[in-house]
Amino acid sequence: MKAIRRFTVRPVLPEPLTPLADLARNLRWSWHAETRELFQSVDPDGWQAAGGDPVRLLGAVSAARLAELSGDRRFLRRLAVVTADLDDYVGGGRWYQSHESGAELPAAIAYFSPEFGITAALPQYSGGLGILAGDHLKAASDLGVPLIGVGLLYRHGYFRQSLSRDGWQQEHYPVLDPNELPVSLLRDADGTPARVSLSLPGGRALHAHIWQARVGRVPLLLLDSDVEDNDAPAREVTDRLYGGGSDHRLLQEMLLGIGGVRAVRTYCDLTGHPAPEVFHTNEGHAGFLGLERIRELEGEQGLGFDAAVEAVRAGTVFTTHTPVPAGIDRFERSLVARHFGEGGELPGVPVDRILELGAESYPGGDPGVFNMAVMGLRLAQRANGVSTLHGAVSRGMFAGLWPGFDPGDVPITSVTNGVHAPTWVAPEVVRLGIRQIGPGRTEDALSVGGSRRWDAVADIPDQDVWDLRRVLREQLVQEVRDRLRASWLQRGAAEAELGWVDSVLDPDVLTIGFARRVPSYKRLTLMLRDPERLRRLLLDPERPVQIVVAGKAHPADDGGKRLVQELVRFADDPRVRHRIVFLPDYGMAMAQKLYPGCDVWLNNPLRPLEACGTSGMKAALNGCLNLSVLDGWWDEWFEPDFGWAIPTADGVGTDEERRDDLEANALYELIEGRVAPRFYDRAGRTGLPVRWIEMVRRTLVSLGPKVLAGRMVREYVERLYAPAALAHRALTPDAARDLAWWKGRVRAAWPRVGVEHVEALAAAPVNGTAELGATLTLRVQVSLDALTPEDVEVQAVAGRVDAQDVIRDGRAFPLKPSVGPDLEGRWVYEGPLALDRTGPFGYTVRILPSHPLLATPAELGLLAGSSETDTAGPGPGVVLR
């Protein structure tokens, strides 16, 4: 019989146990071992049944057990210690509070993301973007960074994955009751639920409640449209993560961006939390937050649109996470115009100006679409990719927004992602660290980083390292068997036909892991290019290999589902099913067993389409070696001492089939010829794979301090947040108006700005050659129209040139005005040019806008260069001896 109404009955904790409620509601328990152990001791069987979720545990524990614990002095002492530790963690000073920059740091930062992967108990994530956002919040909490997270609360989360009998992915959307999650409603002073509202076309409204999760010190605000005052379509806006059509997605992103800013304002008003000085947009989904801030500034401070844009840009950071254009949200301009036009949201903000912000107004762009990433870049003075390679790819991908600039000059930097070690490092690894190098050094190494702390790993004996690796592998084997049995039962198998599951995998066999989302570019099935060769690898009598695979295809991606089915059908083969498995429903709980238990982490995307690839980082922190294409973070930090690089067939052009064949063959050869022999080499006196163990050590010592989310967040603070806060403070209303006026004046004059003549006055090359260390003195005549030297920077750019006379790795030399202006607004600039490199050498001259409040000379996307061939000095291609 089905209930007609559902609600949650909360337990009444005896007074001595009331701190348990606060401990359960602060998600620090998800990465704090002592808190988890305390809850486990409340009811070990109930803890297992609750999936390690304290809220569910407390909702199920019996009143008799609670009464027993309230009189258990030993338990109460443990409870007091853990409670005091959380109080100290939340209220004490940390890295941020003692930073040498002090008052230059922002009072608060609002961090917006469409998904957050904090813990499996709060399933509001689909993959890497959400896990990264969750790790960002946790690391910010550990460091004391005053972040406010902003997202949506999806009543169905992403989806749960299962398999049909023939291996086809099936999706399930269980209903999530916020009252059963580790969140609480934000309430107004009178106790009523706080909410934000958006105006929709046709006189409709979209209301949302604000749920709050505590992520250590960091509040995470999650907007929920399942509000009684909404009509049925509006209530479903936050139903599913990445679900629905364009109109549905647009409403989600309006609620996230516009509603999110309003939620932050409400939260700060109610709690006294400092207002954010910096807004960080994690991908383009939250880009509408800039429009809401423009509305605030226009209405509250009387700024015009252009001045408001400048003020908003100064305090905004935009992070792009995808090098794949299909991963960027793009909406029909007419749809956006309808929601921001008459009767829609943001009244008073000109809809044509809104549309300009997202317009693909560059060669190859589609004039009919509104691009969320383009808007994000236009409304952020600082932008970054998530690895060094991805930064370079992003500069090329978005170069159309800065016409005339070389990709290297496009103002998109990079901050390589990191992972939150206390979340992802197995407890067994932590315990070994504590035993060998001490609790303080272990905690510092995982949270703070620093090579000195990680160097201590070198002192751990080989036998201890190898014993740990086997324990972790054995745990993974049991986890795989349990999950595989459950999957087959769900696929319709009978218990009586699943005896073979008990022999799946072997804790003494080389174990390779592969788990991620399943878009085509991640190439889930590259390992299947030669099925017979893969079977030989798996079944090798002397050096066998076993593989654990997991991953979800997007519900609308039938191509991805076919890849899953192909892999599943191969793994179902009775000849190899004890050596290769596909585990459905990949998520955080599975990942926390999978990463530590694998010996090798495989990643074989199409280069350079993997922005970062943090799963390999999580594996590395547990002593797992990486076997990967040189993409994302691995391109940046790979060394042969601690892993392997899969060669890529970059020279085959667009022949994807041939490329896959070549790279799959390279993968097979690496496993056969280098990976497996290294793992099974036990020739020494100890019977241990000494060279393998040394690679594990090098992985931890070399990669440990680099892959931490703490390192990543510190870089965001120092390189992006602090400069953005200073820029935000500098853009007072008057300064914003002046800057907007100045930009308008420069843009109006720019068509008539140019370099008219260039000549070398001294040390001119003879017969096309010059001596290394010589100095050219350049004289340049430029036209500035109505601009003055204070408005521009004139530079000589010089460096080695290629066969097409393109300057590579150019260096800029500033030139100074010496004469001018004449009657036509022409100026003469002069300056030295050092010939500091040998080989083919060339230079050019360019003019850039210059203003103290610009973050970069490329900010306006304006550049004027020389169109003449210099006859008085060396042209491109001069050789320096």
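Source: prediction; values computed, not measured.
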### Salt bridge present between R691 and E694 (N-O < 4.0 angstrom)
no

### Side chain D660, main chain R529, donor-acceptor under 3.5 Å
no

### Query
Are Y680 and V509 close enough that some pair of their side-chain heavy atoms sits under 4.5 Å apart?
yes

#### Entry: Close side-chain approach of I671 to L627, heavy-atom, < 4.5 Å
yes

#### Entry: Test item: R711 side-chain N/O and N417 main-chain N/O as donor-acceptor pair under 3.5 Å
yes

### Message
Tell me whether E542 at atom CD has more than 12 heavy atoms from other residues, nucleotides or ligands lying less than 6.0 Å away.
### Response
no

### Task
Kindly say whether S414 contributes a backbone atom to a donor-acceptor pair with the side chain of R719 at under 3.5 angstrom?
yes

### Message
Under a 3.5 Å distance rule, please check whether R579 uses its side chain to pair with a backbone N or O of L538 as donor and acceptor.
### Response
yes

### Query
Between W424 and D135, is a side-chain hydrogen bond (donor to acceptor under 3.5 Å, both in side chains) present by the stated rule, with each step listed?
CA-CA 10 Å; W424 299 108; D135 283 5; 3.0 Å; yes

### Message
Classify the ring geometry of W500 against W488: parallel below 30°, tilted from 30° to 60°, perpendicular beyond 60°.
### Response
perpendicular

### Message
Surrounding CD of E656 (heavy atoms of other residues, nucleotides or ligands, distance under 6.0 Å), is the total greater than 12?
### Response
no

### Query
Looking at side-chain heavy atoms only, is the closest gap between T416 and K706 below 4.5 Å?
no

### Message
Restricting to non-hydrogen atoms, name the atom on M527 and the atom on L534 that form the minimum distance, rounded to 0.1 Å.
### Response
O-CD2, 3.4 Å

### Task
Would you check, one step at a time, whether the test side chain to side chain contact (heavy atoms under 4.5 Å, CB included) holds for D599 with R473?
CA-CA 8 Å; D599 300 295; R473 203 181 306 116; 3.0 Å; yes

### Query
Does the pair R483 and E479 meet the rule for a salt bridge (charged side-chain N to carboxylate O under 4.0 Å, His left out), with working shown?
CA-CA 6 Å; R483 288 181 176 272; E479 179 83 3; 2.8 Å; yes

### Task
Could you tell me whether the side chain of H32 reaches within less than 4.5 Å of the side chain of N26, counting heavy atoms only?
no

### Task
Would you confirm whether S387, through its side chain, and A611, through its main-chain N or O, come within 3.5 Å as a donor-acceptor pair?
yes

### Donor-acceptor contact present, side-chain R470 to main-chain V465, <3.5 Å
no

### Query
Do side-chain atoms of R94 reach the backbone of G144 as a donor and acceptor pair under 3.5 angstrom?
no

### Query
Is there a side-chain contact between I131 and T614, using heavy atoms and a 4.5 Å cut-off?
no

### Message
For A553, is there any backbone N or O sitting under 3.5 Å from a side-chain donor or acceptor partner on Q169?
### Response
yes

### Working for salt bridge (charged side-chain N to carboxylate O under 4.0 Å, His left out), residues D482 and K593
CA-CA 12 Å; D482 292 344; K593 293 289 188 182; over 6 Å; no

### Message
Tell me whether the count of non-hydrogen atoms from other residues, nucleotides or ligands lying under 6.0 Å of CZ in R674 goes above 12.
### Response
no

### Query
Can you find a pair of side-chain heavy atoms, one from W95 and one from V717, that are under 4.5 Å apart?
yes

#### Entry: Heavy-atom neighbours of R658 CZ exceed 12 at 6.0 Å
no

### Message
Any heavy-atom pair between the side chains of V504 and R577 that's under 4.5 Å?
### Response
no

### Task
Just do the side chain to side chain contact (heavy atoms under 4.5 Å, CB included) check on S41 and F75 with the steps written out, would you?
CA-CA 8 Å; S41 69; F75 180 84; 3.5 Å; yes

### Task
Would you please indicate yes or no on a ring centroid separation below 6.0 angstrom for Y716 and H136?
yes

#### Entry: Beyond-backbone contact of Y158 with E115, side-chain heavy atoms, under 4.5 angstrom
no

#### Entry: Check against salt bridge (charged side-chain N to carboxylate O under 4.0 Å, His left out), R536 and E532
CA-CA 6 Å; R536 291 197 300 272; E532 287 305 317; 5.4 Å; no

### Task
Say whether, by atom type as modelled, one donor and one acceptor occur between the side chain of N603 and the main chain of N626 under 3.5 angstrom.
no

### Task
Would you mind checking if R659 and D650 are paired as a salt bridge, meaning a charged N to carboxylate O distance below 4.0 Å?
yes

#### Entry: Side-chain donor/acceptor of R481 to backbone N/O of L505, under 3.5 Å
yes

### Message
Suppose the criterion is salt bridge (charged side-chain N to carboxylate O under 4.0 Å, His left out): which pairs have a residue in residues 615-641, not counting sequence neighbours?
### Response
R607-D635

